[in-house]
Asks: 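One structure follows; several queries about it will come next.
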There are 2 protein chains.
Amino acid sequence: MPQTKKSTLVLVAERAGVSIASVSRVMNGLPASPQVVERVRQAADELGYVPDATARSLKAGKTDQIALAVADVGNPVYVGMMHEISRVVTKAGYRLVISSTGSDPQDQIDLLTGLNRGFADGLILSPLRVTDELGAQLRASRLPIVIIGSLPAGVELDNVRADSVRGIALAVDHLIEQGRQRIAFINGPVDTVPGAARLNGYLRALTEQGRPQNADAQVNASDFTYRAGLKAAAALLDQTTPDAIVCANDLLAVAAMKVISKRGLRIPDDIAIVGMDDTDIADLAQPAITSVDLRSIKRARVAAKLLLRRLENPQAPVEQVVIEPKLVVRASSVKECAEAEL
Amino acid sequence: MPQTKKSTLVLVAERAGVSIASVSRVMNGLPASPQVVERVRQAADELGYVPDATARSLKAGKTDQIALAVADVGNPVYVGMMHEISRVVTKAGYRLVISSTGSDPQDQIDLLTGLNRGFADGLILSPLRVTDELGAQLRASRLPIVIIGSLPAGVELDNVRADSVRGIALAVDHLIEQGRQRIAFINGPVDTVPGAARLNGYLRALTEQGRPQNADAQVNASDFTYRAGLKAAAALLDQTTPDAIVCANDLLAVAAMKVISKRGLRIPDDIAIVGMDDTDIADLAQPAITSVDLRSIKRARVAAKLLLRRLENPQAPVEQVVIEPKLVVRASSVKECAEAEL
DNA sequence: CTGTTAGCGCATTCAA
DNA sequence: TTGAATGCGCTAACAG
């Protein structure tokens with residue numbers, strides 16, 4: 001186990017008594033005479049030689065790296081997505097570079113200019129907020145980019161998103177089936193991509209069911225976190241008395257449940273709860289939370305595959321995939337279910 | 001916004017009518033005459049030039065990338081750590097490359113050989129299981145490495161770990177103070193680094209308190225997940241009737257609570273629960289879970305800073321940091337607290 | 001202050 | 001099959 005400093009093609013070549021070209025060939029499995037192969041192998045072993053990734057990248061014009069940028073780390077949804085993307089791209093021989101942009105759009109722009117420095121071969125981006133400038137940057141970028149979530153106007157890129165309008169409809173319809181009358185909504189910030197989509201979905205679902213849109217029944221948390229959810233839920237319950245609440249994600253749902261319990265109300269008897277994303281905590285919560293599964297893992301997998309496809313074939317036509325959500329019913333929204341809970 | 005293919009120093013130099021060296025200087029803010037600066041700036045702008053990261057890396061012998069490898073993605077603890085590490089290294093101008101090794105030690109070895117290809121300047125590694133071979137590889141590696149968790153025997157590396165023996169003691173002592181008599185333990189696999197440490201801590205804590213070590217009171221989940229925790233908790237309650245359970249992490253604690261509730265027992269009245277890691281779910285759970293905060297965020301920050309320090313000064317003496325845990329008391333272990341809960 | 005030049009480590013063309 | 005030579009894009013040493 002030689003604690004050598006570093007070794008290069010040249011060193012190996014000298015030791016093996018061959019040219020650097022031969023060493024390169026052997027290392028890449030290209031045809032060479034058995035003797036040369038043997039001598040190079042041995043020399044490389046003795047020197048602990050491993051080809052340098054940077055030099056190879058410069059030569060090949062590719063880095064074997066894929067960048068992933070999500071706005072909201074900390075949200076369990078993105079964790080699962082990251083994991084899945086990592087799995088897929090790793091299997092394809094890529095490394096995953098995490099670019100944790102904050103919610104600040106400027107971060108994403110910095111990222112895109114950075115990308116053009118060529119530290120990665122492609123990007124998967126899930127923007128929380130979309131500005132015109134981001135759109136412009138996206139359009140101008142030279143590298144393959146896949147967007148998770150809705151696209152900025154006028155941008156033609158590979159894209160995968162959940163049909164969250166339909167997702168909310170699933171939740172609302174389910175609650176109405178359960179006989180709920182006053183269905184409130186705890187959303188995140190409406191100036192975000194998911195926040196806007198979910199508000200839209202909520203309003204449309206009510207309309208389709210012939211229900212009135214009651215402004216008192218809606219509150220927006222300042223972000224998609226548990227802490228913000230506590231405040232929002234308290235505000236909601238101060239101004240109205242719903243018998244069901246749709247929450248824009250599971251964290252907000254857990255927060256709502258906490259506040260409801262604290263006020264001595266029972267779930268689902270007094271208030272039914274439906275969350276979104278179907279993260280682990282929906283299952284862990286007590287009672288378990290009915291949640292709209294927006295198929296985050298699948299979206300992640302599709303995004304990764306779209307990017308890999310474009311990396312293979314830059315000329316491929318733009319593909320835009322919409323993933324259908326499904327409702328996972330648990331105890332928080334069904335009276336019978338709460339007692340019979342597994 | 002030129003949709004050009006790519007542009008290099010040479011292109012910019014031609015357009016500006018200067019040498020490539022001048023362009024390089026201007027781009028790096030080195031001294032140059034105002035006229036040259038101006039012309040280069042403009043040419044670069046018009047061409048949308050950005051320096052190539054790969055070429056720069058080859059020349060500089062560094063990549064500005066730091067690799068992070070954690071065995072158990074999916075565990076919320078690591079998510080927080082990753083986030084923190086990302087924050088710190090990004091601020092220092094590094095990118096974070098995620099190398100999601102599975103629990104398979106071979107993955108980590110592959111990673112280390114990969115590292116020697118020089119795709120990153122350093123590594124932060126949090127191994128779940130430690131083998132002799134991993135130890136050997138670590139010792140042989142040429143790059144700066146910081147280990148989070150206990151070190152393999154005979155390895156001298158920068159290292160930061162939690163004092164989990166002390167952590168368990170905090171939990172046990174707290175439960176005894178609360179008047180608990182039969183303190184059980186739900187651990188993860190004991191062939192893992194944290195599993196072994198926590199078992200050790202549990203046994204020592206009992207001994208120091210003069211309590212007997214009852215084999216019936218210990219079960220090992222097959223891994224540190226919620227699902228495995230359900231089985232383990234059921235097995236434990238089948239074989240004994242504790243009035244308190246220390247769980248090796250918060251996921252196991254939530255699982256235990258679920259099983260306990262299902263059996264009609266009350267928390268904390270019948271059984272007190274203490275988790276470990278103090279992740280968000282400890283706070284979200286109903287009732288909120290008393291948890292040993294092993295300071296994962298701080299460990300992550302320290303690890304990142306240790307690595308940055310060594311990157312700056314490779315000759316610095318090896319530093320090994322032990323972080324003191326602290327107990328966060330919540331409703332799951334204190335009878336009065338359960339009612340007065342905030 | 002500016003231009004010329006020599007590599008960084010590798011893959012690859014072209015001759016031999 | 002093998003070796004010598006070229007260049008990926010950039011920085012830094014050296015001249016001018």
Side-chain angles (χ1 to χ4, degrees), chain A residues 4-41 43-44 47-65 93 114-121 142-143, chain B residues 4-41 43-44 47-65 93 114-121 142-143:
Chain A
T4 56
K5 296 192 174 181
K6 57 183 171 185
S7 52
T8 73
L9 271 189
V10 179
L11 287 243
V12 177
E14 281 175 359
R15 191 171 238 274
V18 298
S19 74
I20 62 169
S22 290
V23 178
S24 177
R25 288 190 197 99
V26 172
M27 298 308 294
N28 294 33
L30 296 177
S33 72
Q35 316 137 11
V36 171
V37 171
E38 175 52 28
R39 293 169 61 185
V40 169
R41 281 261 143 74
L47 293 173
Y49 170 76
V50 279
D52 181 84
T54 304
R56 191 173 266 186
S57 290
L58 178 59
K59 184 67 184 166
K62 60 193 296 269
T63 59
D64 294 333
Q65 294 190 154
L115 249 205
N116 284 327
R117 299 169 104 89
F119 73 81
D121 299 335
R142 293 183 292 95
L143 295 84
Chain B
T4 56
K5 297 191 175 180
K6 56 184 172 184
S7 52
T8 73
L9 272 189
V10 178
L11 277 277
V12 178
E14 281 176 359
R15 192 171 237 273
V18 299
S19 73
I20 61 169
S22 290
V23 178
S24 176
R25 287 192 197 99
V26 172
M27 299 308 294
N28 295 26
L30 297 177
S33 72
Q35 316 136 14
V36 170
V37 172
E38 175 53 26
R39 294 168 61 185
V40 169
R41 280 262 143 74
L47 293 174
Y49 169 76
V50 279
D52 181 82
T54 304
R56 194 174 261 186
S57 289
L58 178 59
K59 182 65 184 169
K62 61 193 296 271
T63 60
D64 294 333
Q65 295 190 153
L115 249 205
N116 284 327
R117 299 169 108 86
F119 73 81
D121 299 335
R142 292 184 292 93
L143 297 85

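Here is the naming used below: chain letters follow the sequence lines, and residue numbers restart at 1 for every chain.
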Asks: Measure from NZ on Lys62(B) to C1' on dG9(C) and round the result to the nearest Å.
Replies: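 The answer, rounded to whole Å, is 18 Å.
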Asks: Checking the side chain of Arg39(A) only, and the main-chain atoms of Ala16(A) only, is there a donor and an acceptor separated by less than 3.5 Å?
Replies: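 Side chain of Arg39(A) to backbone of Ala16(A): a pair is present.
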Asks: Ser22(B) or Leu58(A): which one's nearest nucleotide on DNA chain C is closer to the 5' end?
Replies: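 Its nucleotide being nearer the 5' end, the pick is Ser22(B).
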Asks: So Val10(A), base contact, sugar-phosphate only, or nothing? Heavy-atom distance under 4.0 Å.
Replies: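 Here Val10(A) touches no strand at all.
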Asks: To the nearest Å, give me how far apart OH (Tyr49(A)) and C1' (dA11(C)) are.
Replies: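 Value for this atom pair: 10 Å.
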Asks: For dT2(D) and Ser19(A) - does any side-chain N or O of the residue sit under 4.0 Å from the phosphate oxygens OP1/OP2?
Replies: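 Checking dT2(D) against Ser19(A), no side-chain N or O comes under 4.0 Å of OP1 or OP2.
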Asks: Return yes when atom CZ of Arg41(B) has more than 12 non-hydrogen atoms of other residues, nucleotides or ligands closer than 6.0 Å, and no otherwise.
Replies: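 Counting neighbours around CZ of Arg41(B), 12 or fewer heavy atoms of other residues, nucleotides or ligands fall under 6.0 Å, so no.
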Asks: Leu30(A) CG to dT13(C) P: how many Å, rounded?
Replies: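 From Leu30(A) CG to dT13(C) P: 11 Å.
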Asks: Kindly give the heavy-atom pair with the smallest separation between Val18(B) and Val23(B), and that separation in Å.
Replies: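 In terms of heavy atoms, the two residues are closest at CG2-CG2, 3.8 Å.
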Asks: Can you tell me how far P of dC1(C) sits from CZ of Arg39(B), to the nearest Å?
Replies: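 Computing the Arg39(B):CZ to dC1(C):P distance gives 17 Å.
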Asks: May I have the distance from Phe119(A) (atom CZ) to dC8(D) (atom C1'), rounded to whole angstrom?
Replies: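 Rounded to the whole Å, the gap is 20 Å.
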Asks: Whole angstrom is fine here: how far is it from CD1 in Ile20(B) over to C1' in dC14(D)?
Replies: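 Distance, rounded to whole Å: 14 Å.
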Asks: Please confirm whether the backbone N or O of Ile20(B) pairs with a side-chain atom of Ser24(B), one donor and one acceptor, at under 3.5 Å?
Replies: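 Absent.
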Asks: Which one, dC10(D), dG9(C), dT2(D), comes nearest to the side chain of Leu9(B)?
Replies: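 The closest nucleotide is dC10(D).
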Asks: Quick check for you: among dG7(C), dG3(D), dA12(D), whose closest atom lies nearest to any side-chain atom of Lys59(B)?
Replies: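 Between dG7(C), dG3(D), dA12(D), the one nearest the side chain of Lys59(B) would be dG7(C).
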Asks: On the side chain of Arg117(A), is there an atom forming a donor-acceptor pair with the base of dG9(D) - under 3.5 Å, no angle test?
Replies: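 Looking at the base of dG9(D), it does not pair with any donor or acceptor on the side chain of Arg117(A) (distance under 3.5 Å).
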Asks: Could you please name the option among dT11(D), dT1(D), dC10(C) that lies closest to any side-chain atom of Ser24(B)?
Replies: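 Nearest nucleotide to the side chain: dT11(D).
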Asks: Met27(A) has an atom CE; how far is it from atom P of dA11(C), in whole Å?
Replies: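 It works out to 9 Å between those atoms.
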Asks: Can you see if the side chain of Ser33(B) gets near the phosphate of dT2(C) - specifically, an N or O under 4.0 Å from OP1 or OP2?
Replies: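 Yes, Ser33(B) has a side-chain N/O under 4.0 Å of OP1/OP2 on dT2(C).
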Asks: Would Arg56(B) and Asn28(B) count as a side chain to side chain contact (heavy atoms under 4.5 Å, CB included) if you check the C-alpha gap in whole Å, the side-chain angles of each, and the deciding distance to 0.1 Å?
Replies: CA-CA 12 Å; Arg56(B) 194 174 261 186; Asn28(B) 295 26; 3.6 Å; yes
Asks: For dA11(C) and Arg56(A) - does any side-chain N or O of the residue sit under 4.0 Å from the phosphate oxygens OP1/OP2?
Replies: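 Answer is yes, contact under 4.0 Å.
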Asks: Considering just the side-chain nitrogens and oxygens of Lys6(B), establish if one lies under 4.0 Å of OP1 or OP2 belonging to dG9(D).
Replies: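 Looking at the OP1 and OP2 atoms of dG9(D), one of them is under 4.0 Å from a side-chain N or O of Lys6(B).
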Asks: Rounded off to whole Å, could you give me the CD-to-C1' distance for the Glu14(B) and dG9(D) pair?
Replies: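 Those two atoms, CD and C1', are 14 Å apart.
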Asks: Just to be sure I understand the rule, does Ala21(B) reach a base, reach only the sugar-phosphate, or reach nothing, if contact means heavy atoms closer than 4.0 Å?
Replies: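 If one applies the 4.0 Å heavy-atom cut-off, Ala21(B) turns out to touch a base.
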